[in-house]
Amino acid sequence: MASSDPMLYWALVGIVLMLAELILPGGIVVFLGAACLVVAGAIWVGVVEGLAQSLTLWFISSIVLLLSFRQLTQRLVGGDSHVGNTDEELDLFNLPARVKETIGPGEKTGRVEFQGADWPALGDGSEIPAGTRVKVICRDNIALVVEPLDDSE
């Protein structure tokens, strides 16, 4: 019975790791547990003897299982994959703001209130007085480039 103890330990650790996948999702822990079961089977058959051989087989079988089956299981099970907008300027385009400090004339910066925060702002070269509603055209470094809203907007 003493020779079967390592087999039972490897099998128990393998089952615990595979059950841990329910708590720690990601598709990795289940393969580590499966590698433990491979080692337990190899000990049972008599192919592996000793701790060094067991750890070596576990390491190699873990890598083989991960590289072989992770892509397959990810395809079958799926997952949460979302590609967000990485261009922040597109999120700003055409949004309204209110001028707090007169912008212009020329390249004189002013200030606008945009999404609850004060921003430095540049205009189109004409003077845009305080209180005017504007729309954001783009961002120039940390300043917003704005133009007055038409009456129709």
Exercise. Between V13 and V16, is there a shared hydrophobic cluster once you connect ILVMFWY residues whose side-chain heavy atoms come closer than 4.5 Å?
Worked result: no
For this session: Kindly work out whether a path of hydrophobic side-chain contacts (I/L/V/M/F/W/Y, heavy atoms less than 4.5 Å apart) joins L19 to L12.
Result: no
Counting only pairs under 3.5 Å, give me each side-chain donor-acceptor contact of residues 95-109, with atom names and distances, residues two or more places apart or in other chains.
{"unit_1": "R98", "atom_1": "NH1", "unit_2": "G131", "atom_2": "O", "d": "2.8"}
{"unit_1": "K100", "atom_1": "NZ", "unit_2": "D118", "atom_2": "OD1", "d": "3.2"}
{"unit_1": "K100", "atom_1": "NZ", "unit_2": "D118", "atom_2": "OD2", "d": "3.2"}

Donor-acceptor contacts, no H, no angles, side chain residues 36-60, under 3.5 Å, sequence neighbours left out:
{"unit_1": "Q53", "atom_1": "OE1", "unit_2": "E49", "atom_2": "N", "d": "2.7"}
{"unit_1": "S54", "atom_1": "OG", "unit_2": "G50", "atom_2": "O", "d": "2.8"}
{"unit_1": "T56", "atom_1": "OG1", "unit_2": "A52", "atom_2": "O", "d": "2.8"}
{"unit_1": "W58", "atom_1": "NE1", "unit_2": "L32", "atom_2": "O", "d": "3.2"}

Point-to-point distance, once rounded to the nearest 0.5 Å, from [atom1] of [X] to [atom2] of [Y]:
{"X": "D140", "Y": "L122", "atom1": "CG", "atom2": "CG", "answer": "6.0 Å"}
{"X": "E147", "Y": "D124", "atom1": "CD", "atom2": "CG", "answer": "6.5 Å"}
{"X": "K135", "Y": "L144", "atom1": "NZ", "atom2": "CG", "answer": "14.5 Å"}
{"X": "F114", "Y": "R139", "atom1": "CZ", "atom2": "CZ", "answer": "10.0 Å"}

Exercise. Are any non-hydrogen side-chain atoms of R133 and P148 less than 4.5 angstrom apart?
Worked result: no
Problem set entry | Any side-chain heavy-atom pair of V136 and V145 under 4.5 Å | no
Problem set entry | Listed partners of A34 passing side chain to side chain contact (heavy atoms under 4.5 Å, CB included), at least two apart | L65
Exercise. Is the backbone of A143 close enough, under 3.5 Å, to the side chain of N141 for a donor and an acceptor to pair up by distance?
Worked result: no
Only pairs under 3.5 Å count here: list side-chain donor-acceptor contacts from residues 20-31, not counting sequence neighbours, and write none if there are none.
{"unit_1": "E21", "atom_1": "OE1", "unit_2": "V29", "atom_2": "N", "d": "3.3"}
{"unit_1": "E21", "atom_1": "OE1", "unit_2": "V30", "atom_2": "N", "d": "3.1"}
{"unit_1": "E21", "atom_1": "OE2", "unit_2": "G26", "atom_2": "N", "d": "3.0"}
{"unit_1": "E21", "atom_1": "OE2", "unit_2": "G27", "atom_2": "N", "d": "2.7"}

Problem set entry | Taking every non-hydrogen atom, the tightest pair across S68 and V64 | OG-O, 2.7 Å
